[in-house]
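A short worksheet on the structure shown next.
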Amino acid sequence: MRPGIHPSYEPIVFRDKAADVAFLTRSTMTSTETIEWEDGRTYPVVDVDVSSASHPFWTGRGRVLDTAGRVEKFEKRYGKRVRPQAR
């Protein structure tokens, strides 16, 4: 790699406010806010809206949409489509 053209890759804490979970990892992202981590060191912290701790796909709390119910609701509201019969 060429020196001087890449951003610094430093430890940072990502904090998910929805799940009240924090992850210490490395990233090129920066922040002016800091947090004291479990090891006693201070790291920059970035608040995120969704992480693997709060996303429905990863937590198993996802909803299955009833597509058949949607079609029936549409047909009830607007009438069933009548197809011309083939000869």
Side-chain angles (χ1 to χ4, degrees):
M1 293 192 323
R2 289 181 16 203
I5 64 168
H6 301 284
S8 62
Y9 187 64
E10 303 292 330
I12 190 167
V13 175
F14 287 99
R15 182 172 50 193
D16 184 353
K17 295 273 191 165
D20 197 30
V21 175
F23 303 95
L24 176 64
T25 187
R26 295 175 60 91
S27 176
T28 57
M29 187 174 261
T30 59
S31 175
T32 57
E33 294 182 54
T34 59
I35 189 172
E36 187 173 332
W37 193 245
E38 300 160 356
D39 62 2
R41 294 182 181 173
T42 302
Y43 297 103
V45 63
V46 173
D47 292 325
V48 294
D49 295 328
V50 178
S51 72
S52 60
S54 62
H55 194 280
F57 178 80
W58 299 108
T59 59
R61 291 182 283 162
R63 292 180 283 155
V64 177
L65 297 177
D66 180 22
T67 56
R70 287 182 173 186
V71 172
E72 291 168 0
K73 185 176 179 181
F74 179 85
E75 289 176 349
K76 182 179 176 184
R77 182 179 290 166
Y78 298 107
K80 195 169 188 173
R81 182 177 173 190
V82 179
R83 295 179 185 219
Q85 294 189 359
R87 296 184 202 185

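Not measured: the values here are computed from a predicted model. One-based numbering along the sequence shown.
Contact detail for P44 and S31: the closest heavy-atom pair is CB-O, 4.0 Å. Across all non-hydrogen atoms, the minimal contact from V45 to I35 is CB-CG2, 3.8 Å. Of all heavy-atom pairs between F14 and M29, the closest is CE2-SD, 3.7 Å.
For the pair S8 (side chain) and E10 (backbone), a donor-acceptor distance under 3.5 Å is absent.
Side-chain contact check for W37 versus P11: every heavy-atom pair is 4.5 Å or farther apart.
One hydrophobic cluster holds both I12 and V48 under the rule that ILVMFWY side chains link at heavy-atom gaps under 4.5 Å.
Note on residues 40-54: pairs passing salt bridge (charged side-chain N to carboxylate O under 4.0 Å, His left out), not counting sequence neighbours, are R15-D47.
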